[in-house]
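Counting starts at 1 for both ligands and their atoms, following the listed order. All figures in this text were calculated on a predicted structure; none of them were measured in a lab.
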Amino acid sequence: MNRTVFVNGEYLPEDQATVSIFDRGFLMADAVYEVVSVLDGKLLEFAGHIKRLERSLSELDMAKPKDFDNLLEIHRELVARNSVQEGGIYLQVTRGVADRDFIYPKDAEPTLVMFSQERSIIGSPAAKAGVKVISVEDQRWGRRDIKTVQLLYPSMAKMMAKAAGADDAWLVEDGFVTEGSSNNAYIVKDGKIITRSLSHDILHGITRASVLRYAAEAQMVVEERNFTIAEAQAADEAFITSASTFVTPVVEIDGTKLGAGAPGPVAGRLREIYIEESRKAAI
Ligand code: PDD
């Protein structure tokens with residue numbers, strides 16, 4: 001595979017695209033990212049992702065990359081040049097290149113790197129069968145609302161899940177589920193959808209915002225509050241949301257099967273609505 005990727009204003013074959021060893025993204029994880037999904041060769045939730053990117057940059061006093069206003073065009077160009085039908089566009093902005101120092105450099109030029117990934121989302125086996133999760137302690141930093149590339153702990157959590165024969169991990173802090181390692185977490189009890197409310201504790205998922213809006217429009221009851229693993233294990237269903245998984249059912253938590261141990265109707269319905277509405281709004 002030799003994709004065309006985008007690095008600092010240039011489209012290049014991936015094996016010729018480079019970033020400096022002094023890039024602060026590499027040295028300090030001083031970088032933020034977004035993942036925009038692609039369906040039928042079109043972008044999903046583009047405006048929401050760019051708005052969150054702008055917020056992440058601003059929370060970290062990081063300058064916008066010089067191509068910020070061209071991001072839609074660059075996304076579309078990467079989709080076209082790599083003939084992506086289904087998958088996503090990964091985008092990362094770093095504070096730029098400077099000699100190693102904890103202090104932010106004064107006038108570094110932000111680095112912008114983007115590339116495409118092909119992936120089956122609609123027909124993913126996880127969507128049909130559901131996923132098994134384990135709970136692990138949430139040991140991430142306290143500003144999870146900023147989408148930084150500090151992803152070592154989420155990677156560790158996914159490795160712990162894999163070692164335990166599960167698919168993913170739900171993170172738990174002070175006895176309550178914060179979110180999944182790379183997704184937002186929900187349970188369903190007596191028809192009610194329960195998910196943690198927004199704060200610095202979790203990423204403000206773009207998929208979450210849309211799914212909760214669609215749920216309300218479909219007259220489903222949504223309760224934004226904390227829940228424990230024990231409450232989740234006693235729930236009728238559970239599911240996760242993210243750009244790369246849409247709505248995906250959770251069928252087992254720490255070895256306890258939920259309800260019938262199969263994907264539930266609420267998650268199924270929300271997934272259908274999400275796909276239908278996202279397709280309509282794709283650009
Ligand atoms: N992950 N919570 C965390 C910790 C995440 O990393 C993500 C996204 C989400 C869901 O956000 P959204 O609906 O905006 O994708 C929640 C992306 C997809 C990733 O890291 O690949």
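- Contacts of Ser155 classified as side-chain contact (heavy atoms from CB on, under 4.5 Å), with partners at least two apart in sequence or in another chain: none.
- Salt-bridge annotation for Lys64 and Glu54: present, with a side-chain N of the basic residue lying under 4.0 Å from a carboxylate O of the acidic one.
- The one candidate from Glu118, Glu14, Gln117 that meets the side-chain hydrogen bond (donor to acceptor under 3.5 Å, both in side chains) condition with Arg3 is Glu14.
- Between Gln233 and Lys257 there is no side-chain heavy-atom pair separated by less than 4.5 Å.
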N or O contacts of ligand 1 with protein under 3.5 Å, please list pair by pair.
{"residue": "ligand 1", "atom": "1 (N)", "partner": "Lys147", "partner atom": "NZ", "Å": "3.4"}
{"residue": "ligand 1", "atom": "1 (N)", "partner": "Ser182", "partner atom": "O", "Å": "3.3"}
{"residue": "ligand 1", "atom": "2 (N)", "partner": "Glu179", "partner atom": "OE1", "Å": "2.6"}
{"residue": "ligand 1", "atom": "13 (O)", "partner": "Ile206", "partner atom": "N", "Å": "3.4"}
{"residue": "ligand 1", "atom": "13 (O)", "partner": "Thr207", "partner atom": "N", "Å": "3.0"}
{"residue": "ligand 1", "atom": "13 (O)", "partner": "Thr207", "partner atom": "OG1", "Å": "2.6"}
{"residue": "ligand 1", "atom": "14 (O)", "partner": "Arg52", "partner atom": "NH1", "Å": "2.8"}
{"residue": "ligand 1", "atom": "14 (O)", "partner": "Arg52", "partner atom": "NH2", "Å": "2.9"}
{"residue": "ligand 1", "atom": "14 (O)", "partner": "Ile206", "partner atom": "N", "Å": "2.8"}
{"residue": "ligand 1", "atom": "15 (O)", "partner": "Ala243", "partner atom": "N", "Å": "2.8"}
{"residue": "ligand 1", "atom": "20 (O)", "partner": "Tyr33", "partner atom": "OH", "Å": "2.6"}

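- With ring centers used as reference points, Tyr33 lies under 6.0 Å from Tyr90.
- In this structure, Arg225 places its CZ atom where more than 12 heavy-atom neighbours from other residues, nucleotides or ligands lie under 6.0 Å away.
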